Amino acid sequence: MNRLLHPGHLEDWRKRLMDETVLIRRTIVVTAGTCGRASGALEIRDALRAEIDRLGAGDRVGLLVTGCHGFCEMEPSVVVQPEGIFYGKLKPADAAAIVKQTALAGKVVEKLACKIPTTGRVVARLEQIPFFKKQMRVLLENNLRVDPEKIEDYIRIGGYRALTKGLFDMTSEGVIEEVRRAGLRGRGGAGFPTAVKWGLCRKAAGHPKYIICNADEGDPGAYMDRSLLEGNPHAVIEGMILGAYAMGANEGFIYVRGEYPLAVENVGRAIEQARSCGLLGPAILGSEFHFDLQLIQGAGAFVSGEETALMASIEGRKAFPRQRPPYPAESGLWGKPTNINNVETWANVPLILDRGSAWYASIGTEKSKGTKIFSLVGRVKNTGLVEVPMGVTLREIIEDIGGGVPEGRTLKAVQTGGPSGGCLPAASVDLALDYETLAKAGSIMGSGGMIVLDDRTCMVDLARYYLHFLEEESCGKCAPCRVGTRLMSELLGRMTAGTADEADLARLESLAQTVKTASLCGLGQTAANPILSTLTHFRSEYEAHIREKRCPAGVCRELASSPDQPARPIGRKALKNKERGRS
Amino acid sequence: MEQDWKDELDDLLKESGSRSRDTIPVLHKVQERFGHVPPEALPTIARRLHVSESELYGVLSFYKAFSLRPKDAHTISVCLGTACHVRGGEQIIQELENALGISAGKSTADGLFTLETVNCLGCCAIGPVMVVDGVTQARITPQAARELLARIRAGEKKS
Amino acid sequence: MRITIDGRVLETSGAPTILDAARRLGISIPTLCEHRRLVPYAACRICLVEIAGRKLPAPACATPVEEGMEVITNSPKIQALRREVLDLILSEHPSACLICLEKENCEEAKSMIRKTGEPTGCILCPADGRCDLQKVVTEVGLKGLSHPMTYRGSGVRRDDPFIDRDDGLCILCGRCVRVCHEIRGADAIAFVARGSRVTVGTSMGKRLLDVGCLFCGACVDVCPTGALTERAVRYASKFEEQRSFICGLCGQGCRLGLRLRGGRPVDVRPEDGSPNDGQACVKGRFVIGDLLGHPKRFVRPMVRRAGVLVETSWEDALAAAGRGLAEHKGKTAVVCSARDSCEDLWALGRLSRDVLHASSVRLAEDSAAYLLGCPDGAEIYAPPMTVDELSQARIFFIFEESLHLTAPIFGVAVNQALLKGAKLVLVGDGEYCLDRYAAVRVKAGPAEAGGFLTSLLRVLINKNNSHDRGRPAGFESLRQVLRTLPPDSPTASVKLDRIVGFLEKRRPAAFIFGPRFVAGPWGHRNAALLWNLAGHTGGLYVPVGWEANARGAVEIMAEINRGAFPRSAELNKPRALILAGPDAAFKRAGEEFVVALDAFHGDAAAQADVVLPRTVFAEQEGMFVNAEGRLQFSSAAVTPAGEARLIRSIAADLARALGAGVPALETRDAAFKDLIGAVPSLAEAIRIVRGNRPALIAGKGFAAKGFVDIPDLDMTFDPAAAFPLRDPDDYLNFPTALEIKSLRTARRR
């Protein structure tokens, strides 16, 4: 691999790479992120490869295996470029038609293409498909353009150009200023202005300084970060090098959730590649700046997404959070100034530097700039990752992009922000999605999980699900969270099992307040949110469970779903409760 | 036999970091090599990492990814992430628990299956999801889960 | 800085926590996980307070005050919150009695029913009456519990010596885990598992014995509940009084408190303040009670009649001793012990010098001189040094010692420094508690270490970075001598450069060694090398030893022997012997008459003609000078066993029995005055102590100036043998075969 000793070397390399591909007429893009692979994308790839070889079309038809395009519902799928012809839910047998008709002849294979459900009209091109039409894919679009195993692909599409600009044309203060002008805010949840955080770390006394990419995406139901790391790891690395330059850090860590083996593999490889090219390590691109990155694989603890817990984990300890202040910018890893941002935040940085803060600031609302990726899942027709400008409404996402709730059901609520977030009732679908509006409505942006719930979802059961999750994931350090999550989980278990009374509801509410106010870290402080927000909007469901021993949604198996229907026999949950009582 | 195992551990540790900050990567490596972290290996690993044995055990027992018990022939992890939950992940685990006669986190008496749950695999759009021996299976139904068990059992009988 | 707490203003400097500030104002905030010696942990959430302008309440223990901060510690809201949090904590702690309405009457009504297995309420709990949780419940004013009780215990564990563990009473405040790590560095216990299943435990649930516990008892001392208890005390009644004394079991001079009930020892707790500041070790913490009442104690004098030792009265025994000794005036040898107080040693010395005209007076311990790192021939005397100074060192060279065992308080100081990033170079051929902290491990016993030290000294001297001292006497000649030695191998140079690199970046250094390192044929050389190294780097020269009053003994013996340093010389065939020190190897050879002043039955006393029962520390008052050089007064915490007498009294008795009473020994005050009149270094120290300042004995003029000559400088060191072990930072440079072998050896054990 090239060792780049000068910014010019990078540009030369980029030119050579672009020249190499001029002969390729069309490229079949096989999206093979974890979702794709689980659905059989690699078999599709092999079938396509065999077909291309059989026809001897290797010089005209390219085959590109990429990460995820976001429309995971349709996996396994391919996109034939440059036309952007999309085929979903494929079988290996479809390969022949795709190569012969589309890749070689440019024709759409109608039986494989998407159709508008209502009219039956065929929509083959990405920009026509409703799921993609309303999105603004500045981050995700590159997932379709690069093979994450090849740094060449990233460089070909302009990768590390922002790094050259930052290192050679800008001061480190200049980089921070550019990020400030772009209005970038942390994508991990609270939306703290990134440039302010960087400035604090830059100014903090102490040496060395560290930066961290928080890729411990633990919110169940959210996978934006996985997709970015799997599909385009170099964007995150480039963002981190720029951040390190801005803050004066020479060592960085990417802490990737252990349950994401493909992301771990791709990020690890990308770091190696960047290092052997001279994009990481001493004298990056021949500048005086040196920086290196280490990949840490998480080991299965939701709480390690909390920044102080994450640092403890990097230090090789249990992921116990600690009281703040001091904040990481002042005293983080090994007591040194440390900056932590999440994957999506870092991935935005090269875009800002490359296309300029003015461009970036033109996207989104007054206070929330840029795009945000949401993972749109649950009871919605088109599930997947959607990237939209800040400020679009929930309705646009669920109905226009997501195609609405399937099977003629009605929308009940949308859960955003994972276990720390809350539920927005169907009535709030016209809310604009930005940090302030969501917070005002009693939920949070979080990292971008968006779970659509229809009338078959029991809100009490959902709260029980989250509290059970949080009980298992509480680290056990502080008393309110350790004991409180267990007690709340037990109370909700009794409610869904029909053994709770009115006093239990009062106790649940009071516990929720105590845990929220007294807990040490974010996990505990937000642990009661699933309860508090469902109580606000769906109190009647709780009352039905308690007073009438009835589950209106028909989810809780121990309870009747309607007044005249008898309760079903005891199921798994009751068994589990029994077991717990024993042990 | 036992000596081989210990030599293998020594070789593995030789190539790994030796500071306390290397604890989690080293445990990952050991787990990857042996399928679990053998309890007998703890004193050796602790020495290598310059941490006390209890501290190492504390870290190991904190993280879900590490196991002191050897896994059985087939490991099934059912995702109980929110999206999978909403789409019926609970029914899958219930089906498997009934079919195998064990609760999640346990192994079958014949040593054939270990049943686990996982909080989210990030495959929310194609749920409910489960991972069988490292392979992610999409859009599982209780029916499909039962069939899969039957297939594995049939395969075991043949071999 | 100016802050307001509950409307009261405090001007403060530095950055204290809200809790510190509140305490300064006399405002009480309840706490559970907080402990003044430990890093704030903020886990129990009992000390939450409101801060104006902040959304959430903050833990007072972990929140530093800020300019203009307004804190409210007692609003109804915060009081309710504390009650709710405590309610949660108590739902996992057997607490029936805490909130029982009959609590007040129970004290009279309850019978002694503590000997149940697992406590379910306070009256069944070993910590009843000493429990912090009880106090906090009262302070917070919790009246009832609202959650179902969950019992987290798995039965009381009693398979370890001294310590019982009961998970069922543990509130997970983490004090024990933290003290084990932050203060003692043993890390024997840790938090295990997580969430609602978290417990304090050991690796794989092993016994404490098997996971490196040193049984210092610090965890028991900080436990706020009955989760960790001393077994011997578990079901004892509460103590009535606590009396302070200086531990005599090693050279650290720990200040301990003997807790008594009805005049009998219940248990021992370390006391605050220098030198040990609340810490102790297994000996001081757990065995002193047994020692005082040991079945082997001599409780009456004994004389040999018809070849057999029989008990008798003091008059009889003293008369017998007087008769025997009178026959051998001038041909009597006296053996004293560096474990005894200054007054005792002085009295024995006066008796020997002025009454018996003894042929020799010496210390029993072979290592006595080496305690100060001054073996035969070396003009070296370890200057005094405090534990605080030691904890300020940034690099340690430790030779042949497991400090946690031999010098536990120095061990605590070293651990503090290591946690703050100090480096450790560990030299020795055994396995040591501190092994896993070593940045560089040098495998070399006392015989081989000379080569390593010589090479290190040469590298340093060639760099000529003498620490702020110019070039002291002997520098050039030493440099010349070192030049004549063969050069180091390249491997050795790499390692030495690394150590020198540490030394350049980290000052001061501390060179810590035990008696074994400076004993034997290589002792003088090792001491001289270390002395020169310490001098050259401006480091601390720190001998550690086992004797409680080594430094005091050296001062007094020097005075008794008229300035000559006390050395273990041949006894010159004495005809009679007074054995007042523990000499396990004593074999009677030609002595016609032997008087033993002893506390315990043993081989030495068994050979005596007269045995006079003496008191042990904690039964007697006296001055002791510890390993730091700190002069301390110990008082008698408990009455002597049987008829045992102080050595000082016995010496006076013997003088009288010999018909030559020494007036200066007759009363306590007279003896004291006599002593300080004769030993000026003690007199000076006492003057300082009386001014309520800590006094370090300055030493009596053995202090060397500049470099000392190093004998036998003919060894070169073999790096392959010296550095076989792991070396964290540049591990890859070294063959690992030996390391793996050593790990295997360890595993077999």
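From a predicted model like this one, the values you see are computed outputs, not experimental measurements. Labels below follow one simple rule: chain letters A, B, ... track the order of the sequence lines, proteins then strands, and each chain is numbered from 1.
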Select one option (side chain, backbone, both, neither) describing which atoms of C:Ile171 are under 4.5 Å from chain A's heavy atoms.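 Contact with chain A: backbone only.
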Is it the side chain or the backbone of C:Leu56 that comes within 4.5 Å of chain A heavy atoms, both, or neither?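 When you check distances to chain A, only side chain atoms of C:Leu56 fall under 4.5 Å.
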Side chain, backbone, both or neither: which part of [X] has a non-hydrogen atom closer than 4.5 Å to chain C?
| X | value |
| --- | --- |
| A:Leu511 | side chain |
| A:Leu520 | both |
| A:Ser519 | backbone |
| A:Lys477 | both |

Which one of [options] has the most heavy-atom pairs closer than 4.5 Å to chain C?
| options | answer |
| --- | --- |
| A:Ala518, A:Ala319, A:Ala479 | A:Ala518 |
| A:Arg322, A:Lys318, A:Gln513 | A:Lys318 |
| A:Ala301, A:Gly484, A:Ser510 | A:Ala301 |

C:Pro59 versus C:Arg45, closest heavy-atom pair with distance: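 Where C:Pro59 meets C:Arg45 most closely, the heavy atoms are CG-NH1, 3.8 Å.
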Shortest non-hydrogen separation from A:Leu293 to A:Ile271 and the atoms involved: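 Taking A:Leu293 first and A:Ile271 second, the nearest heavy atoms are O-CG2, 3.8 Å.
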Report the residue from C:Arg23, C:Arg175, C:Arg178 that forms a salt bridge (Lys or Arg N to Asp or Glu O under 4.0 Å) with C:Glu34.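 The residue from C:Arg23, C:Arg175, C:Arg178 that satisfies salt bridge (Lys or Arg N to Asp or Glu O under 4.0 Å) with C:Glu34 turns out to be C:Arg23.
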Measure the spacing between OG1 of C:Thr12 and CG of C:Asp20 and express it to the nearest 0.5 Å.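 CG of C:Asp20 is found 8.5 Å from OG1 of C:Thr12.
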Does any N or O in the side chain of A:Glu315 come within less than 3.5 Å of the main-chain N or O of A:Trp334, such that one atom is a donor and the other an acceptor?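 Judged by distance alone, yes, a pair lies under 3.5 Å.
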